[in-house]
Amino acid sequence: MEYPFGAIERKWQQTWRERRIFNAPQKSDKPKYYVLSMFPYPSGVLHIGHASNYSIGDAITRLKLMEGYSVLQPMGYDSFGMPAENYAILHNSHPRLTTEENIAAMREQFDGMGFGLDWEREVSTCRPEYYRWGQYIFKRMYEKGLVYRKKSFQNWCEDCQTVLANEQVEEGTCWRCHGAVEQKELEQWYFKITDYAEELLDFSKVIDWPERVMTMQKNWINKSEGAKIDFVLENQDTKVPIFTTRPDTIFGVTFMALPPEHPLVQQWLAEPNADAALKDFCHKVINADKMLRSSAETVKEGVFSGKYCINPLNGDRVQIWITNYVLMDYGTGAVMAVPAHDQRDFDFAKKYDIPMKIVIQNPAKSLVLSEMQEAYTEPGIIVNSGKFDGMDSEAAKAAITAWVAENNWGEQTLTYRLRDWGISRQRYWGNPIPVIHCPKCGVVLVPDKDLPVKLPDNVQVGRTTSNPLLSVPEWLNVKCPQCGADARRETDTMDTFVDSSWYFARYADPKNTAQPFDPQLAKYWLPVDQYIGGIEHAVMHLMYARFVHKFMRDMGWVDSDEPFARLLTQGMVTKDGAKMSKSKGNTVDPQYIIDRFGADTLRVFLMFASPPEKDVEWSDDGLMGSFRFLNRVWRLIDTHQELIRKGLETTSDGDLSAEIADLRYHTHFAISRWHDDCLHRMQYNTAIAATMELLNAIIAIKAPEKLNEAELAIYAFACAALPKMLYPFAPHIAEELWQVLGAAKLLHDCGLPKFDKQYLCRDSVTYVVQINGKLRGKLEVPADIDHEELKALALEVENVKRSLEGFSIKKVIVVPGKMVSIAVASS
RNA sequence: GCGAAAGUGGCGGAAUUGGCAGACGCGCUGGACUUAGGAUCCAGUGAGGUUAAACUCGUAGGGGUUCGAGUCCCCUCUUUCGCACCA
């Protein structure tokens, strides 16, 4: 007989809704706790990955409620972007309509899972009441100098018909569609995330983040210290700044390397007498696959530009080469090449027969140019460097930099790999950038009173070669708010990562119509105490959100330095060892599981199969195991409910059988483990295992109706612990059984299951006896036994005695409560 | 190539501080029951060995520290992830 999960789940979902259990109060006597799972794109269908992810957040939510916190667990939808646009095209509809339909469908499925979400705080990024404030934030950032426009080569995804930020290019492909990314010269809007590079490297204000995520962000930002030094074009005043971390090698520069994108190179190419070979080379490199080009294995190539520049330190005349191995994106986009002391420059110089110059000697073994097979990149003694000769190269770094600064040739500087965040997207379904281009006034921000700039509805969506917004003249053409002249709206929309960079703050005050959120409310709820989401957002979303949060802090809107105090990166659900996907045909439909076995069964399986940060391998058999487990709990309590209710009203004083004393120990032990696993270790799989062990211990009592009053009290206590222990994972059945046992209150309001330390101490303890680390016997002794007495007893254990024959005892060690270890040597 | 994490039965996983390896679940084997179920209950289940014990081996492989190592140290292999010409 299966327990009636369907009726139970519907009943409690309705009760929670009616009693507003999960609608977080704006004010509370209790301490606050903000649990947030990354919001989904509203696909319209609940995926097993959603079920898994949100089960974790919900377990934490219910635990924190039991613990006495005022908990906020909101939910919303990341509803702008390509997928929504494509979905609408596929269904021959409009993204506004399909998105709202999908949201309604998903909401129903979320409720079917029994998630305790505060739906009164729902946000959806594509609704004007939300994106209005995204535009408002854009404007405030603009006013603070954190937004600018720049024309340059962009990562262009042909499939998505839009540009991508550097972070959004994965192995040369688009992070979303994995189409090829090429370079295209465009004028784009940027957020100056680099202003916060230094602070983004600092994770001292987060409480608990995975080391891995912090490392990934640090690597992404990649700070390096060095010097910026101006070389000067021969016979001209034009400066060519370079960045180097090795100023100690500057006297060894024999050529300069520039990428084809370098402005100087572009200028030379534009000259009427530009060299044809140079043109061809630049064209080839710029249009080459970006992934291939930036791979260390790619053969270094270049063309001599015919131009020279002057090394300011020694006046050397240096050839300028255009190469494929220098990145326009990093440092100043120009490299002083020191082939003797840099492997890349060495390879290049060998290939093109460019001279080399040793300026650092290996103290162990003198370098000879003609014999060098690779660059010498280690520290050493400075040579051929004028007044710095003889110095230690490490010390020379500072000395040379200081000399450079003194002579105004350059300065000490920091550089980061992190680039500014390009937020322009040439798509319809996104947040319009609130800007008007006026032929007289230039860039004019849309006045706050005119926000939001609403997306027009009458647009032909589809894969177009230009931004669909260009085809809506009544939207596009406006009067300049400053001078009233005919002007045009900006048609770029914002990267959807902008929308998701502040939503966690909007949840604090989601209906505010006067500002993004009331700072008082945001200061109350933020930071998010526990954030949960996929590792795939380790760099992009999490770094953008940290950046925008720091901006909001600087505006005084929030007062925390970090948006997410604790971060849990959950694993994905796999089947047959691979990520579930339609194309592989290895998907599982959570709705079918819910209909057939109940949401509680699904949740218990997902939480039991592995710790939250690890992947879960789907198993139909495993799911059945969870279903049987819940059925066993159900049968136990349902069958004995009257007995248990009676037992709950009696006290536990009186004689106990050994069996019941044992049950009492197991009960308190299981609850204490559950506490540790749920509250400290966040290892929910073992918390469920502890609950199963308790169930097994209770079921082992075969005839509870024959127990005396004291024993029955212990039995009932054990049974009553089960619903509480199950509540975070299987809340519906837990709530139902709790009611069956006669409770008046709902479980979230009844506190954590309690255990008593005194019952964790046992009268007698089993010690194991080891000889040289090998198990040789066991003995049962009183827990408070004297160690000397214990040693003596251990030596008398039959098997131990036999094993000791022919050996002499060197040492006997007692590990309290656990073992006696005997070290022996053959005699 | 660099960096990080990991490697435990047939499977998912447990072992929290260096202290009985394999909790819990799945699967499997044998049995009971019959309302024949995706049911329930009982017993067993790392490998070898034995009638049964004893005992031996065993946490990717090899060495080491220790009375004692899945756990600490060194080397090697494999897998996953991140970075990958960053000047």
Side-chain angles (χ1 to χ4, degrees), chain A residues 1-2 171 210-213 215-220 222-224 226 242-246 249 257 291 293-298 300 323-327 329-338 342-345 347-348 415-418 535-536 538-539 596-597 604-605 608-611 614-629 631-632 635 673 676-677 680-681 683 685-693 695-696 699 702 766-778 799 802-803 809-825:
Chain A
M1 262 275 283
E2 295 172 350
E171 297 181 336
E211 202 57 49
R212 189 155 81 108
V213 175
T215 305
M216 282 163 75
Q217 292 201 6
K218 284 176 188 166
N219 287 344
W220 186 263
N222 190 33
K223 171 183 178 175
S224 63
I242 58 92
F243 172 78
T244 181
T245 56
R246 295 295 306 273
T249 64
M291 176 174 59
R293 186 178 158 191
S294 66
S295 156
E297 280 97 67
T298 303
K300 292 170 182 48
T323 73
N324 65 346
Y325 77 94
V326 175
L327 307 172
D329 265 2
Y330 187 74
T332 62
V335 170
M336 65 170 212
V338 187
D342 182 283
Q343 192 56 43
R344 296 157 298 184
D345 300 341
D347 294 343
F348 192 86
T415 199
Y416 302 87
R417 186 178 82 134
L418 177 69
I535 187 73
E536 65 274 19
V539 175
R596 180 62 193 85
F597 303 106
V604 167
F605 167 72
F608 178 62
S610 74
K614 286 186 66 178
D615 288 350
V616 173
E617 170 68 13
W618 181 264
S619 157
D620 289 334
D621 288 331
L623 181 84
M624 290 315 301
S626 297
F627 188 52
R628 285 197 292 262
F629 165 57
N631 273 297
R632 273 160 64 208
R635 272 198 305 277
R673 249 191 78 184
D676 206 22
D677 290 342
H680 308 303
R681 301 205 310 153
Q683 198 169 292
N685 56 332
T686 49
I688 294 170
T691 312
M692 290 172 170
E693 281 179 84
L695 175 67
N696 293 343
I699 287 177
K702 284 302 165 204
T766 304
Y767 274 83
V768 299
V769 185
Q770 285 187 354
I771 297 173
N772 281 0
K774 288 199 198 312
L775 184 65
R776 283 295 181 265
K778 293 190 182 189
N799 203 35
R802 184 149 42 86
S803 303
I809 296 169
K810 289 198 299 184
K811 199 162 31 159
V812 181
I813 296 153
V814 173
V815 181
K818 296 225 164 105
M819 68 160 59
V820 180
S821 186
I822 305 166
V824 299

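A, B, ... follow the sequence lines: proteins, then strands. Residue 1 opens every chain.
A:Arg802 comes within 4.0 angstrom of sugar-phosphate atoms only, judged by non-hydrogen atoms across all strands, and of no base. If you check every strand for non-hydrogen atoms under 4.0 Å, A:Val338 touches nothing. Note on A:Gln343: nothing from the nucleic acid sits closer than 4.0 angstrom, heavy atoms only. Among the protein residues, A:Gly625 comes within range of the sugar-phosphate backbone only, with heavy atoms under 4.0 Å from sugar or phosphate atoms but none that close to a base. Using a 4.0 Å heavy-atom cutoff across all strands shown, A:Phe597 reaches at least one base atom of the nucleic acid. Across all strands, A:Thr244 comes closer than 4.0 Å only to sugar-phosphate atoms, never to a base (heavy-atom distances). A:Lys218 comes within 4.0 angstrom of no nucleic acid atom, judged by non-hydrogen atoms across all strands.
Side-chain N/O atoms of A:Ser224 include one lying less than 4.0 angstrom from OP1 or OP2 on B:A87. Here A:Asn696 does not reach the OP1 or OP2 of B:C24: none of its side-chain N or O atoms lies under 4.0 Å away. Phosphate proximity of B:A15 to A:Arg681: present, with a side-chain N or O under 4.0 Å from OP1 or OP2. Listed pair A:Gln683 / B:A15 meets the phosphate criterion, a side-chain N or O lying under 4.0 Å from OP1 or OP2. In this model, the phosphate group of B:C55 is approached by a side-chain N or O of A:Asn799 to a distance below 4.0 Å at OP1 or OP2.
Nearer the 5' end of RNA chain B, as judged by each residue's closest nucleotide, is the contact made by A:Val768, out of A:Gly773 and A:Val768.
Salt-bridge check for A:Arg596 with A:Glu2: passed, with a basic side-chain N closer than 4.0 Å to an acidic carboxylate O.
Of the candidate nucleotides B:A84, B:C41, B:U56, B:A84 has the atom nearest to the side chain of A:Arg417.
Here, B:G13 and B:A69 have their P atoms 27 Å apart, quoted to the whole Å.
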